[in-house]
*Asks:* 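Below you'll find the structure I mean.
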Amino acid sequence: MLEARLEQANLLKKVVDAIKDLVQDCNFDCNDSGIALQAMDNSHVALVSMMLKSESFSPFRCDRNIALGINLTSLTKVLRAAQNEDILTLKAEDAPDVVNLVFESAESDRISEYDIKLMDIDQEHLGIPETEYAATISMPSAEFQRICRDLMALSESVSIECSKEGVKFACQGDIGSGSVTLRSHTNVDKPEMNVEIDLTEPVSLTFSLKYLVGFCKASSLSGQVKLCLSNEVPLLVEYALANNSYLRFYLAPKIGD
Amino acid sequence: TAQQSRLEGFFRPV
């Protein structure tokens, strides 16, 4: 059986909120290392990969592999009943029909309990190879969100060019063009404001801004976002969570002119 | 204009 207790419901609320517009029905794969999710959007352009390590829960118990097929719209409805600060416990039997969610308020003696019916989801699983990326950029997640939103006002696509001069986000649209260039930057007092560019070779790739703006819904999960690029492979956008847990998005590039 | 590629072009189903 599964029993996983989160100190704050907020974490799961934010994760589900960040991915629910991209993917609808997902298997939450539970085993003794934690709870993982991998799902592609309908157009097979973007992929979500979430890992909530067992260390992110206290306690965490999962005796055998359990796949919880959950509709994220249903999960969102139930999670809306949880206060951000509530303790959240997920429970399921070994061959479950439902997943049980319990929300406990630390301040009052209120305990809420919900069951969500599970679905049989036959999901295609993609193997994501370990990749040595040509460029890795760490930057404030709010900055990345702002750049994507600003450029989306002009164009559907953004080119991300990384060279030793810095990283340039550029777009061209009907009304004109725009670009934002960032250079490496260290803020000793506020490390969350750092921009770090790790480059082994120059990279230039084009991506759909619609998807990037969608990924940025995860910005509240982490002060920093990591972008990993290599020529002609999908972009990795990673929001690191506590205890080595993470929320990752992969986005296939636009190719050719 | 550039064409949108799909993930299967890069990642194999397992």
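Just so it is clear: chains get the letters A, B, ... in the order the sequence lines come, proteins before strands, and each one is counted from 1.
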*Asks:* Count the heavy-atom pairs under 4.5 Å between each of Pro253(A), Ser208(A), Pro129(A) and chain B, then report the option with the highest count.
*Replies:*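 The residue among Pro253(A), Ser208(A), Pro129(A) with the greatest pair count is Pro253(A).
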
*Asks:* Within a radius of less than 6.0 Å around CD of Glu156(A), do more than 12 heavy atoms belonging to other residues, nucleotides or ligands occur?
*Replies:*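 No - once you tally the heavy atoms of other residues, nucleotides and ligands closer than 6.0 Å, there are 12 at most.
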
*Asks:* Would you find more than 12 non-hydrogen atoms of other residues, nucleotides or ligands less than 6.0 Å from Glu93(A) atom CD?
*Replies:*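 Open: at most 12 neighbouring heavy atoms sit under 6.0 Å from CD of Glu93(A).
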
*Asks:* Assess whether atom NZ of Lys13(A) is packed by more than 12 heavy atoms of other residues, nucleotides or ligands within 6.0 Å.
*Replies:*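 Counting other residues, nucleotides and ligands, NZ of Lys13(A) exceeds 12 neighbours.
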
*Asks:* What residues of residues 37-47 of chain A sit under 4.5 Å from chain B when you count only heavy atoms?
*Replies:*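 So the qualifying residues are Met40(A), Ser43(A), His44(A), Val45(A), Ala46(A), Leu47(A).
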
*Asks:* Is Gln123(A) atom CD crowded by more than 12 heavy atoms from other residues, nucleotides or ligands, each under 6.0 Å away?
*Replies:*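 More than 12 within 6.0 Å, yes.
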
*Asks:* Take a 6.0 Å sphere around CD of Glu8(B) and say whether it holds more than 12 heavy atoms from other residues, nucleotides or ligands.
*Replies:*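 Buried by this count: over 12 neighbours within 6.0 Å.
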
*Asks:* Pick one of side chain, backbone, both or neither for Arg12(B), based on which atoms fall under 4.5 Å of a heavy atom in chain A.
*Replies:*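 Contact with chain A is through the backbone of Arg12(B) alone.
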
*Asks:* Could you tell me whether a side-chain N or O of Gln4(B) sits under 3.5 Å from a main-chain N or O of Ala252(A), the two making a donor and an acceptor?
*Replies:*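 The answer is yes, because a donor-acceptor pair under 3.5 Å joins these two groups.
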
*Asks:* Search all heavy atoms of Leu126(A) against all heavy atoms of Leu7(B) and return the closest pair with its distance.
*Replies:*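 Looking at all heavy atoms of both residues, the shortest contact is CD1-CB, 4.1 Å.
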
*Asks:* Answer yes or no: does atom CD of Glu232(A) have more than 12 heavy-atom neighbours from other residues, nucleotides or ligands under 6.0 Å?
*Replies:*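 No - once you tally the heavy atoms of other residues, nucleotides and ligands closer than 6.0 Å, there are 12 at most.
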
*Asks:* CG of Asp63(A): more than 12 outside heavy atoms within 6.0 angstrom?
*Replies:*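 Buried by this count: over 12 neighbours within 6.0 Å.
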
*Asks:* Taking everything shown except Arg6(B) itself, do over 12 heavy atoms lie less than 6.0 Å from its CZ?
*Replies:*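 Counting neighbours around CZ of Arg6(B), more than 12 heavy atoms of other residues, nucleotides or ligands fall under 6.0 Å, so yes.
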
*Asks:* Report yes if the distance between the aromatic ring centroids of Tyr250(A) and Phe10(B) is under 6.0 Å, otherwise no.
*Replies:*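 No, too far apart.
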
